[in-house]
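All remarks here apply to the structure that follows.
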Amino acid sequence: MDGTHRTFVIIGGGLAGAKAAETLRAEGFTGRVILIGDEHEQPYERPPLSKGYLAGRAVRESVFVHPAGWYAQNRVELHLGQPAVAIDRERREVRLGDGTRLPYDALLLTTGAEPRRLGVPGTELAGVHHLRRLSHADHLRGVLTGGGRDDDPLVIAGAGWIGLEVAAAARELGVPVTVVEPAPGPLHRVLGPEVGAVLTELHVAHGVRFLFGDRLAAVEGRNGIVSGVRTEAGERLPARAVLAAIGAGPRTALAASAGLELAAEGVGGIAVDASLRTSDPSIFAAGDVAAQELGAGRDLRRVEHWANALHAGSAAARAMLGREVVFDRVPYFFSDQYDMGLEYSGWAPAGDYDRVVWRGDVEQRAFVAFWLRENRVLAGLNMNVWEVTDAIQRLVRSDRQVDPVALADPGVPLTSLLDDLPAEEARSARGS
Ligand SMILES: Cc1cc2nc3c(=O)[nH]c(=O)nc-3n(C[C@H](O)[C@H](O)[C@H](O)COP(=O)(O)OP(=O)(O)OC[C@H]3O[C@@H](n4cnc5c(N)ncnc54)[C@H](O)[C@@H]3O)c2cc1C
């Protein structure tokens, strides 16, 4: 069928959805593009919500993916403030909360993820926060700037990326912070104890208090408002507010009710193949909600990172247009905390690696750390060192043994370790 008469519907007005709409137009698609989002805002970027926007350094206008007029100019029909509540796969129709029915020829699900709840007594009290949406960041910013009892800390449950970034923003604004984390260190599952210790030191130097190996047992309140927390180890802390930063789960309810295949429990998400196609050939999924292969024959994994939403949204759009797509980028994440910036590429959960190799000055927090198994680079993290991500990702992708001594030597350019990669390997290392 001529593209002009086709309708592509995207459910989920986040980064992946917005990038998919952009790519459809950039690739010359002339049919209808409909973008459905249950938030009232136009698609926006979430990373600033725990960093510059929260700390008051970035203005609201700066977080949106596209300028306000972009959608009309590009004939992208926005349905905002309206959830998609059902997919009729037989009739190829999406139903919205207000009863509107929208036909589709191809459908993309970019419904993202939602924060996990604490699940302890007191979770319903006013002053228990989550951080996923602009409105959440506005409320949290009110806590950080508007008072609360001066000496009472913000208690953060979870020393993951969001917990740590909010801790940094809070300290920037002079708010006391206590982070309660069941693992023995921050981001323990991702970074392991070695690099985790660097982050612990960074935060402690800025006045953050950590309670590792402990978790919240209850949030306590007075008159319906948070006044403190109790931990499993028996600590009682006063609290001006509590942030639950204990991870996010994929929003799969719509896909599940439509009978699409989901990934096994533990991974979650909508199962897609390398072209981001679900078990229904006319439905695709991308971003936080998708469980991807990331390399032929590999286990399905969800990648809850900004760069994944950005690239997978575009890749899914190309797949909807019938282009050949193999999406297997090396997972990539960035974070900014205080005056420290880092990037992490690859995947090396605790137990998968047998050594960490350091390159640079760990004390000055200007280094690259590599996680190795049998001298193969599984992942790399650069802290306050820039322009190395491409080389790190190529090392990860090459899956070949490297000399750890050369890897640790800042005098040996990382690219020289790649010099003998065959051309095909080197090219594919740049990703799709
Ligand atoms: C506070 C915060 C900070 C972050 N910082 C970083 C960072 O520093 N670096 C990094 O790499 N990553 C970061 N991330 C992760 C990154 O933002 C996410 O990976 C990215 O937002 C995922 O985009 P997405 O489009 O897949 O999903 P989302 O951004 O979650 O968008 C999905 C959208 O779909 C909507 N939706 C869901 N169901 C329906 C429905 N049935 N009908 C209509 N609409 C629906 C949702 O409300 C939402 O608006 C951060 C995330 C958060 C929350």
Side-chain angles (χ1 to χ4, degrees), residues 9-21 34-55 63 65 78-87 94-98 100 102 107-116 129-137 140-141 158 160-166 168-169 190 243-245 247-258 269-270 276 285-292 302-314 316 329 331-337 341-345 389:
V9 174
I10 302 165
I11 302 176
L15 180 61
K19 280 289 155 187
I34 301 173
L35 179 55
I36 302 161
D38 63 358
E39 297 189 64
H40 290 276
E41 312 283 352
Q42 292 195 356
Y44 56 87
E45 310 255 4
R46 295 181 201 275
L49 306 190
S50 51
K51 309 179 187 65
Y53 183 72
L54 184 63
V63 306
V65 180
L78 279 180
H79 288 259
L80 295 179
Q82 197 55 248
V85 294
I87 301 166
V94 171
R95 184 157 53 79
L96 304 189
D98 65 1
T100 306
L102 298 165
L107 175 64
L108 172 60
L109 300 176
T110 53
T111 47
E114 62 193 338
R116 293 211 178 85
H129 295 261
H130 297 88
L131 184 52
R132 184 82 197 174
R133 300 184 162 202
L134 258 174
S135 57
H136 297 161
L140 196 54
R141 181 158 168 74
W161 294 113
I162 290 179
L164 294 180
E165 289 174 356
V166 173
V190 183
L243 172 69
R251 294 185 66 175
T252 51
L254 186 65
S257 65
I270 305 168
L276 303 173
D288 280 13
V289 77
Q292 310 155 194
R302 283 193 318 111
V303 181
E304 292 178 333
H305 297 338
W306 174 88
N308 180 64
L310 184 88
H311 296 298
S314 290
R329 296 184 74 92
Y332 164 89
F333 182 88
F334 68 90
S335 180
D336 298 310
Q337 297 163 34
L342 65 80
E343 298 171 287
Y344 174 92
S345 299
T389 298

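As the structure lists them, so they are numbered: ligands from 1, and atoms in each ligand from 1. Quick caveat: nothing in here was measured; it's all calculated off a predicted structure.
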Whether R132 side chain and A113 backbone form a donor-acceptor pair below 3.5 Å: yes
Ring pair (Phe, Tyr, Trp, His ring centres under 6.0 Å) involving F333 - partner list, sequence neighbours excluded: W161, H305
Among L107, I11, V9, whose side-chain contact (heavy atoms from CB on, under 4.5 Å) with I34 holds? V9
Minimum side-chain heavy-atom gap V289-T110 below 4.5 Å: no
Quick one: does any side-chain atom of Y53 pair with a main-chain N or O of V63 as donor and acceptor, under 3.5 Å? no
Is it the case that the side chain of E165 and the backbone of S335 share a donor-acceptor pair, with hydrogens and angles ignored and the cut-off at 3.5 Å? no
For ligand 1, what is the set of protein residues having any non-hydrogen atom at a distance below 4.0 Å? I11, G12, G13, G14, L15, A16, I36, G37, D38, E39, R46, P47, S50, K51, Q82, P83, A84, T110, T111, G112, A113, L131, R132, R133, I162, E165, R251, L254, G287, D288, E304, H305, W306, A309, F333, F334
